[in-house]
Structures are given as structure tokens and as C-alpha cells.
2 protein chains.
Amino acid sequence: MKASLLLQTALRHFAQHGYEGASLQEIAQDVGIKKPSIYAHYRGKDDLFLTAMRYALDTQKTHLATYFISTRHLSLEQSLKGFFDWFLEESTQNDQLKFILRIAYFPPVKLEREVTDLINPFFDTMQRHLTRLLRERNRTEQILYSDDYASAALAYLTVTEGTMTEFVFNGVAAYERRFTAVWPIFWRGLVR
Amino acid sequence: MKASLLLQTALRHFAQHGYEGASLQEIAQDVGIKKPSIYAHYRGKDDLFLTAMRYALDTQKTHLATYFISTRHLSLEQSLKGFFDWFLEESTQNDQLKFILRIAYFPPVKLEREVTDLINPFFDTMQRHLTRLLRERNRTEQILYSDDYASAALAYLTVTEGTMTEFVFNGVAAYERRFTAVWPIFWRGLVR
DNA sequence: CGTCACCTTCCTAACGGTCGTTAGTTAACA
DNA sequence: TGTTAACTAACGACCGTTAGGAAGGTGACG
């Protein structure tokens with residue numbers, strides 16, 4: 001029970017301060033235990049960090065799959081637009097996506113390899129999901145301008161990341177300004 | 001002389017390891033002096049960091065202006081596309097843009113206010129530059145779909161950031177993959 | 001021209017504090 | 001009885017920072 005709370009707390013601290021900036025002392029204090037007690041659950045800071053990372057990636061991977069299944073009855077446009085709302089809701093509930101974005105962009109140098117090996121499959125999965133979504137929907141809707149679904153998925157990812165990092169950094173108002181600006185243009189470029 | 005080298009080196013370290021991850025010890029060693037000698041030039045780590053930041057923002061601001069002036073004779077499409085190449089070249093020459101992107105997204109918590117106060121005007125300037133560019137070019141080219149130039153500029157910024165952070169994190173190959181994927185779609189959405 | 005004071009820039013030594021980590025112990029529980 | 005999860009105490013390493021002094025250059029003044 002404490003182990004789970006410990007993981008959640010650590011994840012929040014890592015998301016907020018980064019690997020180097022997060023302190024075991026403060027994490028323990030937040031949980032309500034002493035610093036050395038962490039070592040009853042994890043082998044050290046690296047272990048705690050990587051476990052938090054695996055946990056965040058796993059959780060978000062299933063959440064992601066759930067979202068794309070739940071929008072199966074919606075139009076392609078609604079599915080893709082709704083993903084932004086989903087991200088926003090998900091991000092306000094917990095810090096997992098912020099954590100993932102942060103360490104994806106700026107991993108601790110000494111754990112760069114391990115981070116990359118965990119992160120890359122995550123984004124690959126994401127792109128595969130999107131590619132499949134685009135292909136399948138287009139079979140019925142016949143709406144896309146190009147049939148290069150992989151490129152479309154990658155472009156969509158680029159736009160979402162540019163928008164979402166804006167939320168992580170500048171808050172919801174700046175995020176919505178960007179989304180409002182970029183979405184009509186992107187969608188117009190995507191469809192016939 | 002050493003002061004300038006010190007600043008450049010510090011900037012590189014901050015870009016690579018973040019504020020908390022960068023060590024005065026290692027910075028000094030890279031420069032070829034001892035750690036306390038830093039205090040002959042700067043009041044401390046915060047001062048060094050903020051000075052590096054002001055320097056990077058100032059330099060990049062003028063470089064940016066120079067670029068947009070130098071492309072005055074090119075078409076809008078070439079200007080906007082060329083900006084990506086300019087960014088790439090600029091980034092391989094020094095770490096200033098990487099540094100700026102990093103601290104823009106994840107500033108040290110204790111200096112959040114100061115960082116925001118410096119960064120925001122920078123991005124505002126950037127957006128204003130772009131808005132003006134779009135408006136002026138469209139007056140002669142009559143090519144854009146919408147005359148909401150501010151939104152177009154913001155959308156463009158979103159796409160560039162999404163692409164450029166990819167370069168900072170995943171290298172030039174991933175960057176070019178993204179650019180190739182996103183540019184045709186974005187441009188198609190932008191023009192009539 | 002010489003010299004004296006001053007400032008800059010570097011140094012060594014060391015400070016107090018925080019870091020992550022380990023050893024050893026205790027209480028609770030299966 | 002053995003295991004788990006917490007504790008206290010303390011370790012060595014590194015952190016940013018300060019004190020104090022040495023070397024070198026600069027400029028003023030007799």
C-alpha cells in the first residue's frame with residue numbers, strides 16, 4: 001500500500017523537478033516515512049525512477065488503447081479532436097503524461113539508454129495505433145487527402161506534442177489558444 | 001575572455017543536464033579553472049544561469065531577426081520552410097536553442113518566475129515576427145486560405161516546436177522524418 | 001622611471017548542508 | 001519463527017559558497 005503511494009509520489013516529484021532535482025528526502029516526507037525506508041521497497045533512486053517510468057508507460061499505454069477503442073463509433077475527426085480533450089483530462093488527473101514527456105525530452109544523462117529503450121516502444125505503439133486508426137476509418141469515410149497513413153499519423157503526433165507540451169509548460173489557456181489555432185489548419189491539410 | 005568562455009561552457013552544461021544536473025565543479029573543469037574562480041565573474045550559480053539565459057535569448061533574438069530579413073526576397077513557402085533548415089544549422093553550431101527550449105519547458109522550480117519573465121517576451125517577439133511576415137507576404141502573394149495571421153503564426157510555431165524538440169531529443173534523422181511528414185499537410189491546410 | 005596602491009583573476013582550504021546509501025535494530029504480522 | 005517495513009544513526013561524496021591570499025596588470029604620483 002505504502003509502496004504504491006511511494007511510487008505515485010515519486011512520479012509526481014520526478015515530473016515536477018526532474019531526476020536530478022527530485023530529492024528522496026522530500027519524497028519520503030511527502031509519503032510520511034523516513035528517507036531510508038524507501039530502501040525497503042526499492043534498491044535506490046535509479047530503481048525508483050525506472051519503476052515509476054515503467055509504471056507510467058504501462059498505465060498510459062492501456063489508457064491509450066482504451067480511448068481509441070471507446071471512440072470506435074465516432075467519426076475520424078471526432079476521434080482525433082477528442083484525443084486532445086482526453087489528454088487534458090488525463091493530465092489534470094495525474095502527472096504521468098507530464099512525467100513521460102519530461103523524461104522523453106530530457107532524460108537523466110546516466111540513464112539515457114534505459115530511458116530510450118523504454119520510451120521508444122511507447123511512441124512506436126502510439127504511432128501504430130494512429131496509423132491503424134487512420135487506415136481503418138478511411139476505408140469507410142474516404143475522407144483523407146493522402147493514403148500515406150504513417151506520415152499522417154506522425155504529423156498528427158507532432159501537432160499533438162507541440163500542443164501538449166504547451167499545456168505542460170504554460171497551462172490550459174495557452175494550450176487551448178494553440179489548439180484552436182492549429183487544428184483547423186491541420187485538419188484542412190489532412191482531408192480532401 | 002575567460003568570462004565569455006565560462007558563459008558558453010555553462011550554457012552547454014545547462015542545456016545538457018538542466019539547472020539541477022549541471023555542476024559548477026564540472027563547468028570550471030571544462031573551462032580550465034577551479035570552481036571558486038567562477039565567483040570572480042558571477043555572484044553564484046543562479047547568476048551564472050540567468051546571465052547565460054539572457055545571453056542566449058538576446059543572441060537568438062538578433063539571429064532570428066537576421067534570418068527573417070535575409071529571406072525577404074524569397075516566397076512565403078520558402079521562407080517558412082527555410083526556417084527549419086536555419087534552426088537545424090543554428091542548433092548544430094551551438095546549444096543556445098536547446099538551452100532555451102529546455103528551460104522554457106522545464107525551468108528550475110526556484111527560478112520559475114525569472115525564467116518565465118525572460119522567456120515569454122522572446123516567444124511573443126517570435127510570434128509577432130511571424131504574424132507580420134505572413135501578413136506582408138500575403139499582401140503580394142495572395143496565397144493564404146485565412147487572413148487570421150496571428151492564428152496561422154501560432155499554428156506554425158506549434159508545428160516547428162513539435163518538430164524541433166524532436167531534433168533536440170531524437171536527433172536529425174527523426175527530425176527530418178517528422179518534418180517530411182508534417183510539412184506538406186500543414187502547408188496544404190494553410191493555403192487556398 | 002620607479003614605486004606604491006589598487007583591482008582583477010586566479011588559487012587553496014574549508015565551511016555547512018544535502019545528497020544517496022548502508023548498517024543495525026525494532027515492532028508487527030503471517 | 002521468519003519476513004516485512006519501518007526506524008535511528010551515520011557514512012562518504014558532492015553540492016554551492018566563502019575566506020583569505022598570491023600573482024599580474026593598470027594607473028597615479030613623486
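As the structure is a computational prediction, the values presented were derived from the model and not from experiment. These values consider heavy atoms only, across backbone and side chains, with no hydrogens, waters or symmetry-generated copies. The chains referred to below are lettered A, B, ... by the order of the sequence lines, with proteins before strands, and numbering in each begins at 1.
With sequence neighbours left out, Thr9(B) forms a side-chain hydrogen bond (donor to acceptor under 3.5 Å, both in side chains) with no residue at all.
For the pair Arg178(A) and Glu161(B), the salt-bridge criterion is met [side-chain N within less than 4.0 Å of a carboxylate O]. The existence of a salt bridge linking Asp46(A) and Lys110(A) is confirmed by a sub-4.0 Å separation between a basic side-chain nitrogen and an acidic carboxylate oxygen.
Residues of residues 43-51 of chain A that place a heavy atom closer than 4.0 Å to DNA chain C, in numerical order, are Gly44(A), Lys45(A). If you check residues 106-119 of chain A against DNA chain C, you find no residue with a heavy atom closer than 4.0 Å. Contacts between residues 22-29 of chain A and DNA chain D, counted as heavy-atom distances below 4.0 Å, involve no residue at all.
Side-chain contact between Tyr55(A) and Gln96(A): present, with at least one pair of heavy atoms (C-beta onward) separated by less than 4.5 Å. Inter-residue side-chain proximity for Trp187(A) and Pro184(A) is flagged as unmet; no heavy-atom pair is nearer than 4.5 Å. Contact check for His63(B) versus Trp86(B): side-chain heavy atoms found under the 4.5 Å cut-off.
Under 3.5 Å, the side chains of Glu20(B) and Tyr19(A) contain no donor-acceptor pair of N or O atoms. Side chain to side chain, Asn138(B) and Tyr149(B) meet the donor-acceptor criterion of an N or O pair below 3.5 Å. A side-chain donor from one of Glu90(B) and Gln60(B) sits under 3.5 Å from a side-chain acceptor of the other.
When rounded to the nearest whole Å, the span between CD of Glu20(A) and P of dG20(C) equals 11 Å. The interatomic distance linking Tyr39(A) (OH) with dG20(C) (P) rounds to 7 Å, in whole Å.
Not less than 6.0 angstrom separates the ring centroid of Phe106(B) from the ring centroid of Tyr105(A). Aromatic ring centroids of Phe179(A) and Phe167(A) lie 6.0 Å or more apart. Ring pair Phe186(A)/Phe186(B): centre-to-centre distance not below 6.0 Å.
Rounded to the nearest 0.5 Å, atoms CD (Gln16(A)) and NZ (Lys98(A)) are 5.5 Å apart.
Closest approach of Phe122(A) and Lys61(A) over heavy atoms only: CE1-N, 4.0 Å.
Ring pair Phe84(B)/Tyr156(B) is perpendicular by interplanar angle, where above 60° counts as perpendicular and below 30° as parallel.
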Extract from the structure each pairing of a protein N or O with an N or O of nucleotides 6-12 of chain C at less than 3.5 Å, listing the distance.
unit_1  : atom_1 : unit_2   : atom_2 : d
dC10(C) : OP2    : His41(B) : NE2    : 2.3
dC11(C) : OP2    : Lys34(B) : N      : 2.6
dC11(C) : OP2    : Ser37(B) : OG     : 2.5

Every protein N/O lying under 3.5 Å from an N/O of nucleotides 15-17 of chain C:
none

